[in-house]
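FYI, side chains are in, hydrogens and waters are out, and symmetry mates aren't considered; it's all heavy atoms of this structure. In this chain, residues are counted from 1 in sequence order.
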Amino acid sequence: MKKVKFGILGAGFGERVMYPCINHNKNLEVKYIFCRNKKKIKNNKILNKVTENYKKIFNDKEIDIVCIETPPKTHKFFVKEAIKNNKAIICEKPLAINIEDAKMMSKQVKKKRLFACVNHQLRFHPNITKIKNLLRKKYLGKINYITINHHTNMIDEKKKDNWWFDKNVGGGQLYAIGSHLVDLIQFLNGEIVSLKSTRGNFLKISNFKKEVWKKKIDTYFSLVCRFSNGSLGNINSSCITSKDEGLNIVISGEKRTIKLNNFENLFVYNSRGVEKNISVKDKLRSVKTIGLNPWRTSQVYYLKHISEFFNKKKKFLGASFEDGLKTQKILSNIITSSKK
């Protein structure tokens, strides 16, 4: 297989997650990591790959794919640079901070016939792959409803200067995690055609409450929706719960119901309530560095899929920029709906 060479833009998530995940696959290689200040790099072993000049990545003919791992507000700029230089793109979620930018990016990559995808790696977690295959086979029968819950204790209000706390650059729970969950629910069950939503900012440390409230970021959101197939759905997500509950999904069909608990435990129930364990083991969870959590292992599976697509061995099943635009429209509708 041809080795696919990457240039990573952004050294936060880029260094911490994308670099080791790309490096895990022998058919992938990171040539550059763009960081505005080399002193922020924590891993001295990769300093030889770090550049403070992003143009070096775009001008290098060996670079096949650019990974945009910067805050959402910057995506438009780097995507336009990638398009101008005919580079394939992996863009961090959400695709943009508004529908207009998302439309422009989707239209331009399509016009130039460039490979461009949004980094929605949850599609490639082993148990999600299992669920998707069962739904394709109509194993559950006609879908009644689907519900997705994802609650964590990840917010750190002491780092209130982080971009995550600034809605103007794409911060908050809705964009950070909600974009993943909206993509996932539509990937599994089709297009959302109507919705209602609520959002809230519930903080843990009262000393910082006033400062963070001023920026109006959300730490909780929920939606109820109807799909084009007539079924119903809902999503609930927060980052201020006392315990990390991970990803939990229930899909009810006329014949059977599937339940996924905290990513790892997948069960199916027949109409009589008889339970069967159909969990798929995530083999990467035991791999040092990669196996820290299911988000990282899903990232590795996604990158493997991209590698196989680039070498014309598989049809692409990831989130395209068109999918990113669909997600952006739902995020915008959630914001509008929750203002009423």
Side-chain angles (χ1 to χ4, degrees), residues 1-2 4-10 13-14 17-19 21-22 24-25 27-30 57-58 63-72 74-97 99 101-125 128-129 132 170 175-188 191 295-331:
M1 291 177 71
K2 174 185 177 291
V4 183
K5 294 191 177 183
F6 286 73
I8 298 175
L9 298 159
F13 186 84
V17 177
M18 287 303 290
Y19 177 79
C21 288
I22 292 170
H24 180 76
N25 190 318
N27 295 311
L28 308 178
E29 176 187 340
V30 176
I57 292 175
F58 292 108
I63 298 296
D64 298 297
I65 301 179
V66 293
C67 272
I68 301 172
E69 302 300 331
T70 52
T74 67
H75 292 178
K76 177 183 177 180
F77 174 81
F78 285 121
V79 166
K80 287 174 74 173
E81 286 293 305
I83 292 170
K84 184 168 67 177
N85 290 278
N86 294 307
K87 299 295 186 187
I89 306 163
I90 299 176
C91 185
E92 200 48 61
K93 50 68 200 167
L95 180 56
I97 58 172
I99 293 176
D101 288 352
K103 281 182 179 178
M104 181 279 294
M105 289 186 270
S106 180
K107 181 180 179 180
Q108 289 300 313
V109 296
K110 187 176 182 180
K111 183 179 179 180
K112 292 200 75 171
R113 297 182 180 180
L114 290 174
F115 170 77
C117 68
V118 185
N119 198 28
H120 288 306
Q121 70 265 43
L122 288 184
R123 292 187 179 203
F124 295 89
H125 186 276
I128 297 298
T129 299
K132 182 64 176 178
Y175 273 9
I177 300 298
S179 53
H180 278 299
L181 304 182
V182 168
D183 175 79
L184 182 59
I185 205 168
Q186 293 197 118
F187 173 66
L188 293 174
E191 183 181 359
W295 290 86
R296 283 202 182 192
T297 60
S298 299
Q299 187 70 72
V300 175
Y301 293 125
Y302 191 9
L303 289 163
K304 180 176 183 291
H305 178 76
I306 289 171
S307 172
E308 291 170 338
F309 170 78
F310 255 69
N311 285 278
K312 300 180 180 179
K313 292 184 177 293
K314 280 193 176 180
K315 177 183 176 183
F316 185 65
L317 300 176
S320 66
F321 270 30
E322 288 185 5
D323 293 326
L325 175 57
K326 290 177 183 178
T327 295
Q328 200 80 42
K329 289 177 179 177
I330 298 300
L331 297 178

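- In this structure, the side chains of Tyr175 and Ile97 come closer than 4.5 Å at one or more pairs of heavy atoms.
- When the shell of 6.0 Å around NZ of Lys132 is examined, it contains more than 12 heavy atoms from other residues, nucleotides or ligands.
- Scanning all heavy atoms of the two residues, the minimum distance from Arg123 to Leu317 falls at NH1-O, 3.1 Å.
- Of all heavy-atom pairs spanning Cys67 and Met18, the tightest one is SG-CE, 3.6 Å.
- In this structure the side chain of Ile65 reaches within 4.5 angstrom of the side chain of Ile306, judged on heavy atoms.
- Taking the six-membered ring where the residue is Trp, His305 and Phe124 present tilted rings, their angle falling between 30° and 60°.
- In this structure the side chain of Ile22 reaches within 4.5 angstrom of the side chain of Ile8, judged on heavy atoms.
- A heavy-atom distance below 4.5 Å is found between the side chains of Thr70 and Phe78.
- Residues Pro94 and Pro72 share a closest heavy-atom pair of CD-CG, 3.8 Å.
- Contact between Gly7 and Ile57 at its shortest, heavy atoms only, is CA-CG2, 3.9 Å.
- The backbone N or O of Ala176 sits less than 3.5 Å from a side-chain atom of Lys93, completing a donor-acceptor pair.
- Between atom CG of residue Leu122 and atom OG1 of residue Thr129 there is a gap of 10.5 Å, rounded to the nearest 0.5 Å.
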Can you give the donor-acceptor pairs under 3.5 Å from side chains of residues 102-116 to other protein atoms, not counting sequence neighbours?
unit_1	atom_1	unit_2	atom_2	d
Lys112	NZ	Ile83	O	3.0
Lys112	NZ	Asn86	OD1	2.9

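- Nearest approach of Tyr302 to Val118, heavy atoms of both residues: OH-O, 3.0 Å.
- Formation of a donor-acceptor pair under 3.5 Å by the His75 side chain with backbone atoms of Leu95 is found in this model.
- With hydrogens and angles disregarded, no donor-acceptor distance shorter than 3.5 Å links the side chain of His120 to the backbone of Leu184.
- Separating the CD atom in Gln121 from the OH atom in Tyr301 is a distance of 13.0 Å, to the nearest 0.5 Å.
- In this structure, the side chains of Phe58 and Leu9 come closer than 4.5 Å at one or more pairs of heavy atoms.
- To the nearest 0.5 angstrom, Leu303 atom CG is 11.5 Å from Phe310 atom CZ.
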Can you give each donor-acceptor pair under 3.5 Å made by side-chain atoms of residues 321-331, sequence neighbours left out, with the distance rounded to 0.1 Å?
unit_1	atom_1	unit_2	atom_2	d
Asp323	OD2	Ser320	N	3.0
Asp323	OD2	Ser320	OG	3.3
Thr327	OG1	Asp323	O	3.3
Gln328	OE1	Ala96	N	3.0
Gln328	NE2	Ala96	O	2.8

Before you tell me yes or no, could you show the steps for Trp295 and Val17 under side-chain contact (heavy atoms from CB on, under 4.5 Å), namely the whole-Å CA-CA distance, both residues' side-chain angles and the distance that decides it to 0.1 Å?
CA-CA 10 Å; Trp295 290 86; Val17 177; over 6 Å; no
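- Legend: residues meeting side-chain contact (heavy atoms from CB on, under 4.5 Å) with Asn27, ordered by chain and number and at least two apart, are Met1, Asn25, Ser307.
- By the neighbour-count criterion of 12 heavy atoms within 6.0 Å, atom NZ of Lys87 is densely surrounded, having more than that number from other residues, nucleotides or ligands.
- Looking at Gln186 and Val182, their side chains come closer than 4.5 Å, going by heavy atoms from C-beta outward.
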